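What follows is one structure encoded as structure tokens, with my remarks underneath.
The figures here come from the full heavy-atom set of this structure, side chains too, leaving out hydrogens, waters and symmetry mates. These numbers were taken from a predicted model, which means no experiment stands behind them. Naming: A, B, ... by sequence-line order, numbering from 1 per chain.
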Amino acid sequence: MVKNMHRYRTHNCAQLRKEDVGSTVKISGWIHSVRDHGGVIFIDLRDHFGITQVVIDPQQDFYQELERWRVETVACFTGEVVARIEETVNNRLATGEIEVAATEMEILGEANVLPFQVAKEEQTPEHMRLKYRFLDLRRERLHNNILLRSQVIAEIRAKMTNMGFQEFQTPILAASSPEGARDYLVPSRLHPGKFYALPQAPQQFKQLLMVAGFDRYFQIAPCFRDEDARADRSPGEFYQLDVEMSFATQDDVFASMEDLLTHVVKKFSDKKMDEAPFVRIPYREAMFKYGSDKPDLRNPLQMIDVTAAFDGSDFKAFAGVVKKGGVVRAIKVPNVADRPRKFYDDMIKFAQENGAKGMAYIIWKDGEVKSPIAKFMSDDALALCKKTGNVEDGDAMFFLADKEKTVMNIGGHVIPELGKRCDLISNDEFKFCWIVDFPMFEFDEEAGKVEFSHNPFSMPQGGMDDLINKDPLDILAWQYDIVCNGIELSSGAIRNHRPEIMYKAFEIAGYDASVVDDKFGGMINAFKHGAPPHGGIAPGVDRLVMLIADEPNIREVIAFPFNQQAQDLMMNAPSEVGLKQLEELHIEVVLPPEEEDEDSEEQNA
RNA sequence: GGGGGCGUAGCUCAAUUGGUUAGAGUCCCAGACUGUCGAUCUGGUUGUUGCGGGUUCGAGUCCCGUCGCUCCCGCCA
């Protein structure tokens, strides 16, 4: 027994080098792989830091004791560091020049047979990975992602602090807020029939901190929204870098975030990135060109208006749309004239699946025009399309005709799909942009009235003057998004800190002052006691890490994510609770009625 | 709530046009082997083909329903 050694290790599994040859060491870790040659056994011992090869000579006592070496068992080895002979050096390991010749061994944690392999990259069903998340997290890919996440967050904290922001905590048990997503509710024991809500974001708290005079706030804030999942949206909870600044203009917020994002992305990614300031695109222009308020600027495709070319055209389908006040928009795609007919048919099918009645196309090839619709078009109309789109030989143009809103929506799907199918989207750069000038209000077709289009706490750009004198639908807000590669990283706004403007804005949306006082009493009251102009933003941390890690799915950067049905398959949440707990909370469970299966009843009879 | 895709051994996959006893790799078990590093070699176990119906002489394969996972729409101030 070697004396005066640490209980578990003198070195981690990535530390030992040629210089350590001759010293006696102790290392602990997981058995990554075993190569049993009968007379000699090689074990790759793995920990968080790396891998070291342990060699076991058959003359050791423990060699006989051991019935089997199962991978992922945690073991501790004591032994001498020896140099590998030249032919057996492993250049793929940092510790590949040495190995540890074991003299003692202790099993610290036995492993059962694994449901999937840790050491080998193999496809594994997501529900298995989620149930055995602790195993999945040992695998290199996920382990590195979570480590990256930790480092990104540490860097964000350092940078934000360096930029003069203070970090705060805000309540997790908060009040339900009427607008926005569905809340997660927590019943109150002390107040029967009343509920807390988990915050969808610390929105009002951070504004109150500005009213409290703290000047610059940030928080790596957990946010809870009971909404359905997407690839870039984990259900349940997610994290925002929540930011708020006093006496700040939109330009001040942009400058801070550009500084932060440039710093963090460049530190952790080799991908190309635009220098600040990032391009700014007004909301209406983004919708017109890309059919989306989160355009992927790596994709060069855009929509252009060619309504004039079809006004009174012999192509009745489009001419009819124009006559009824609709529009025709075109997407020029370069160098696709040689693509087979199937490419065009498939794109039309795709457009139809996304709500298009149809999609026309024209191909310019070898000085000729090839198209099912060309024969209905005049030379002038063809020339107009060609000129508007800067079409060159070998290009094609796709056409969508409908109500403007419908066309923009379909184009918003067709453009990314064309970009993908034509391989126009490079994967080695980040394209950031700000979407600015969001409308303050929009007309809600369902409710038949004017509603806030985004965030009721945003300041209208023209202040009270706009609210009084402009058509509500023409009022723009100091409201912005930041988008990277087609992913919305964040929304933000310069806030409405003036009570009279707040009351007026809500009045336009059909709510009288009592609604504001009732639902946002805490904040509106604060604004009546001296509130500084302020604004902020809240980039999604999970999405940012996802972009930097180049992962297609947000669950790959979350240690313990829910599945799509908002379940934790490892910890078994949500779960039923005891009757006593329910009684204390004054809660009675009323399950939805079981649907009677008439067929099975008949079969039983 | 709606639409698409997938579902065969613990895991990854195969199985001709509907045709005999559902195969291979990996994992696991046993054995051999003193220099491997995805060790190798020999042998072996593993199945309600997600579940329930139906069509058929015969269903992993076709049809209907259902469940699970996933992607999308709705939803996400």
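Residue-level contact check: A:Arg129 touches neither bases nor backbone, having no heavy atom under 4.0 Å from any strand. Within 4.0 Å of A:Arg92, counting heavy atoms only, lie sugar-phosphate atoms of the nucleic acid but no base atom. Here A:Asn354 lies out of heavy-atom contact (under 4.0 Å) with every strand. Among the protein residues, A:Asp228 comes within range of the nucleic acid bases, having at least one heavy atom under 4.0 Å from a base atom. Counting any heavy atom pair closer than 4.0 Å across all strands shown, A:Ser33 reaches sugar-phosphate atoms only and no base atom.
Residue A:Arg555 places its side chain closer to B:rC71 than to any other of B:rC76, B:rU36, B:rC71. The side chain of A:Ala231 has B:rC72 as its nearest neighbour among B:rC69, B:rC72, B:rG10. The side chain of A:Arg35 lies closest to B:rU36, out of B:rC27, B:rC72, B:rU36. Across B:rG10, B:rC69, B:rU34, the shortest atom-to-atom separation from the side chain of A:Gln567 is found for B:rC69. Comparing B:rU70, B:rA39, B:rC29 by their closest approach to the side chain of A:Asn563 singles out B:rU70. Of the candidates B:rC11, B:rC73, B:rC37, B:rC73 carries the atom nearest the A:Arg230 side chain, counting heavy atoms from C-beta on. Comparing B:rC37, B:rC72, B:rC28 by their nearest atom to the side chain of A:Arg70 picks out B:rC28. Listed nucleotides: B:rC69, B:rC29, B:rC71. Nearest to the side chain of A:Gln564: B:rC71.
Following rounding to the nearest Å, A:Gln352 (CD) and B:rG3 (C1') show an atom-to-atom distance of 16 Å. Distance A:Asp36 CG to B:rU40 P: 13 Å, rounded to the nearest Å. Atoms CZ (A:Phe350) and C1' (B:rG5) sit 15 Å apart, rounded to a whole Å. The interatomic distance linking A:Met128 (CE) with B:rG50 (P) rounds to 16 Å, in whole Å. Rounded to whole angstrom, the span from the CD1 atom of A:Ile51 across to the C1' atom of B:rG38 amounts to 12 Å. The interatomic distance linking A:Phe116 (CZ) with B:rC13 (C1') rounds to 18 Å, in whole Å. Protein atom CG of A:Leu489 is 16 Å distant from nucleotide atom C1' of B:rC76, rounded to whole Å. Put simply, CD1 on A:Ile31 is 19 Å from P on B:rC37, counting in whole angstrom units.
Nucleotide B:rU56 forms a pair with no other nucleotide shown, judged by Watson-Crick or G-U wobble geometry with both contacts under 3.5 Å. Across all strands shown, B:rG68 forms a Watson-Crick or G-U wobble pair, both distances under 3.5 Å, with B:rC6.
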The test is side chain to side chain donor-acceptor pair (under 3.5 Å); show your working for A:Tyr217 and A:Asp242 and say whether it passes. CA-CA 8 Å; A:Tyr217 149 101; A:Asp242 200 32; 2.8 Å; yes

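For the OP1/OP2 pair of B:rC71 and a distance below 4.0 Å, the side-chain nitrogens and oxygens of A:Asn553 include at least one atom meeting the criterion. Distances shown here put every side-chain N or O of A:Gln565 at or beyond 4.0 Å from the OP1 or OP2 atom of B:rG68. Not one side-chain nitrogen or oxygen of A:Lys120 sits closer than 4.0 Å to the OP1 or OP2 atom of B:rU12.
Both stacking criteria are satisfied for A:His37 over the base of B:rA39: a centre-to-centre distance under 5.5 angstrom and an angle between ring planes under 30 degrees. The aromatic ring of A:Phe42 sits over the base of B:rU36, with ring centres less than 5.5 Å apart and planes tilted by under 30°.
Side-chain contact of A:Tyr290 with A:Asp296: a donor-acceptor pair under 3.5 Å is absent, judged by distance alone. The closest side-chain donor-acceptor pair between A:Asn145 and A:Glu551 falls under 3.5 angstrom.
Nearer the 5' end of RNA chain B, as judged by each residue's closest nucleotide, is the contact made by A:Val71, out of A:Val71 and A:Phe562.
Nucleotides B:rG5 and B:rC63 have their P atoms positioned 12 Å apart, rounded to a whole Å. Only the C1' atoms considered, B:rA59 is 11 Å distant from B:rU49, to the nearest whole Å. Separation of the P atoms belonging to B:rG10 and B:rC37 is 30 Å when rounded to the nearest angstrom. To the nearest whole angstrom, the two P atoms, one in B:rC6 and one in B:rA15, are 14 Å apart. Separating the P atom of B:rC72 from that of B:rG58 is a span of 43 Å, rounded to the nearest Å.
Side chain of A:Asp481 to backbone of A:Lys294: no donor-acceptor contact under 3.5 angstrom is found. Put simply, the side chain of A:Arg84 gets close to the backbone of A:Gly96: a donor and an acceptor are under 3.5 Å apart. Side-chain N or O atoms of A:Gln479 include none that pairs as donor or acceptor with a backbone N or O of A:Pro439 at under 3.5 Å. Side-chain N or O atoms of A:His143 include one that pairs as donor or acceptor with a backbone N or O of A:Leu137 at under 3.5 Å.
Looking at A:Arg225, its side chain has no donor and acceptor atom pair within 3.5 Å of the base of B:rC76. Put simply, the side chain of A:Arg84 and the base of B:rC37 share a donor and an acceptor less than 3.5 Å apart. No hydrogens or angles were tested; on distance alone, nothing pairs the side chain of A:Gln117 with the base of B:rU26 as donor and acceptor under 3.5 Å.
The cationic atom of A:Lys449 (NZ for Lys, CZ for Arg) lies less than 6.0 Å from the six-membered ring centre of A:Tyr511 and within 45° of the ring axis.
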